[in-house]
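Chain A is the first sequence line, chain B the second, and so forth, proteins listed ahead of strands; every chain is numbered from 1.
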Number of protein chains: 2
Amino acid sequence: MLQTSARLLRLLSLLQIRREWSGSDLAERLEVDVRTVRRDIDKLRNLGYPVNATTGTAGGYRLGAGAALPPLLLDDDEAVAVAVSLRTATNGPISGIEDTSLRALTKLEQVLPSRLRRRVNALQSYTVPIPLRPGPTVDAAVLTTIASACRDNERLRFDYRDHNGTASLRVVEPHSMANWGRRWYLVAWDVDRADWRTFRVDRIEPRTPTGPRFTPRELPDGADVATYVSARVNSATWRFRARILMHASAEALSDGLKSYGALEPIDDNNCVFVTGADSLESLAVYLGMTGVDFEVQEPPELVEHIRELGRRYMRASGTE
Amino acid sequence: MLQTSARLLRLLSLLQIRREWSGSDLAERLEVDVRTVRRDIDKLRNLGYPVNATTGTAGGYRLGAGAALPPLLLDDDEAVAVAVSLRTATNGPISGIEDTSLRALTKLEQVLPSRLRRRVNALQSYTVPIPLRPGPTVDAAVLTTIASACRDNERLRFDYRDHNGTASLRVVEPHSMANWGRRWYLVAWDVDRADWRTFRVDRIEPRTPTGPRFTPRELPDGADVATYVSARVNSATWRFRARILMHASAEALSDGLKSYGALEPIDDNNCVFVTGADSLESLAVYLGMTGVDFEVQEPPELVEHIRELGRRYMRASGTE
DNA sequence: GGCTTGAGGACAGGAGCTGTCCGGATCGGG
DNA sequence: CCCGATCCGGACAGCTCCTGTCCTCAAGCC
């Protein structure tokens, strides 16, 4: 019965909007009898969604936290907020959830009405262009395009700049994407070259529309994606590797720095911070945030950037 | 029929997992006849969800973007990713969606199974504690607690430090929260003081559990929340206001700085950057990111922080 | 103890769901 | 050009189960 199913969804939606509902309130909103509401609540419970009820004068129904997640019923604004947040998270400061965020984002964007998509894009343009972590950021729209193609086994055409800067047009059968370090990689079968290739996503410019569907291939030697990608890009994750002697204990710095690199304790007043970066400028700025004195051990070029920054600050403070 | 409703949800879920499904695939997964699948697809269409179908050999069903957003069916990992992203967004670098993110987050956390909630908290602890924007950050857990209480008309008890640092225990009937500048404010009826009060959320430490429900009151003079809050906190948004003379054109800096403050053009090589901050240290660091020479016009105390930062960089580069 | 709220059994009428069988339309490939 | 695969939708019979009504019981709150 269409009415019944739709009503169940509406009921779930109502229970998500406000915590506590009385049976008669729900009956009024759903335009059915109170008895039917009770039965619907029962149905939800049978479906695994825990609806807690309290009797008495201040009684009512409330949706609780159960074993499984009920379908999320978002309104327009909320959907936009979720999409924008997820887009930021795929480039974001929290490591370990980039690929899952991307999966959720792909799911959401597939069904996002176009008027909402426009709002997401508009809001996204306010994103802070100065990355908190050094390194290039990847366009979230590109990520979702590629992720969809991977998921749906659709051929992909894109312009690619390789590490020398030479451009080429590629037609590939995308296999999967991997998040390594701060970068995204696409593993795909290059149709023209008839071989497997690994592409850096920040160098990809997809062309629309995507191509026809294909039957997926196995990776050579039955390798899984993580090992395959790491074997190929391991060495080249960062342009620069840096070692900094910090004049503070490893514990004191741990909160702020541990997600950016490794801290090797020396004594109560010193430790070594090992990290990587693509841009020495941003690394130099970042070191200033720590509020701690430091000495650069590697790379020597970093010293020059730090001296330049120091001079700029001295000029700004009028102490040449 | 319970089976039917559940099957509709599963169908919607399947259509969100993969883009393209053939009718027989769906029939197999749902363990019903192909004819029933067709009827279910029809039901979804009647419910307003656009399911596009293509005929022919490479045909199939796919869920399209329609007028309304279908219920999102997330798996565990995705739900965690969404929650973490939203939590970050409430403190995040994108202005204009904080309150909506919070609403969506409240919705999600209410139904989040506890095992997932633990994972969200674990991941959240990796959040970068150095804020990109100057100013205190607010704990997302506190925000959702207060937002729930506002939504459900439940009394709230919390410890509060006022601007002098004196602590007090408050019992309030929360009315609503507002996001102003980089801060969160709670507008509430203070039960003990029998009057309206505005609290800064970053100074609130909620006590559990929340109190009993109450019947909501109107704000005095029928004011709306935005004007009410802005009238009270307008002057005190930032601890410091700063004017910086930047040695670059306003256009050149616009991309990076416009969301942090106002840029007043002077000529092709100079402009004034007007902004606010709670911490002069972070403002000093932030100015270094611009890569441009500058002079501080206000406040004078900022100069000292900049000089200190400059000295630290000079020491680090071995140029005392 | 009275009031309010949720829980749930019984029942009758009817709405709608399901599987089966069928003919039609469209697309792609041999 | 034809064949096979796919989606589309009407007809029909059987039967599930949904809905409103009426009723009794249990649990909180004042």
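The CD atom of B/Glu31 sits 11 Å away from the P atom of C/dG19 (whole-angstrom rounding). Taking atom CG on B/Leu30 and atom C1' on C/dT18, their separation rounds to 14 Å, with Å as the unit. Between B/Arg62 atom CZ and D/dT6 atom P the separation is 16 Å, expressed in whole Å. Atom CD1 of B/Ile41 and atom P of D/dT6 are 15 Å apart (whole Å). In this structure, B/Asp42 places its CG atom 8 Å from P of D/dC8, rounding to the nearest Å. Following rounding to the nearest Å, B/Tyr61 (OH) and D/dT6 (C1') show an atom-to-atom distance of 8 Å. For A/Glu20 and D/dC29, the CD to P distance is 11 Å, given to the nearest whole Å. Atom CD in B/Gln3 sits about 19 Å away from atom P in C/dG16, given to the nearest Å.
A/Arg115 meets the side chain to side chain contact (heavy atoms under 4.5 Å, CB included) test with A/Asp76, A/Pro113, A/Arg118; sequence neighbours excluded. Taking the ring pair (Phe, Tyr, Trp, His ring centres under 6.0 Å) definition, one finds that A/Tyr160 meets it with A/Phe199, sequence neighbours left out.
Under 3.5 Å, the side chain of B/Arg39 and the base of C/dG19 form at least one donor-acceptor pair of N or O atoms.
A donor-acceptor contact shorter than 3.5 Å is absent between the side chain of B/Ser114 and the backbone of B/Arg117.
Residues B/Leu143 and B/Met177 are in side-chain contact: their nearest non-hydrogen atoms beyond the backbone lie under 4.5 Å apart. Within the 4.5 Å cutoff, the side chain of A/His175 has heavy atoms near those of the A/Trp196 side chain.
Taking only side-chain atoms of A/Thr36, from C-beta outward, the nucleotide of D/dC7, D/dT19, C/dG19 with the closest atom is D/dT19. Checking D/dG9, C/dG19, D/dC7 against the side-chain heavy atoms of B/Asp33 singles out C/dG19 as nearest. With C/dG8, C/dT18, D/dC18 as the candidates, the nucleotide lying closest to the side chain of A/Arg7 is D/dC18.
Using a 4.0 Å heavy-atom criterion, one finds that B/Arg45 contacts the sugar-phosphate atoms exclusively.
B/Thr4 has a side-chain polar atom (N or O) that falls below the 4.0 Å cut-off from OP1 or OP2 of C/dT18.
Residue-environment remark: CZ (A/Arg193) exceeds the threshold of 12 foreign heavy atoms within 6.0 Å.
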Next item on the list: Starting at the 5' end of nucleotides 22-30 of chain C, put B wherever the base has a protein heavy atom under 4.0 Å, S where only the sugar-phosphate does, and a dash everywhere else.
Entry: ----BBS--
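Heavy-atom minimum distance, B/Leu9 versus B/Leu73: O-CD1, 3.8 Å.
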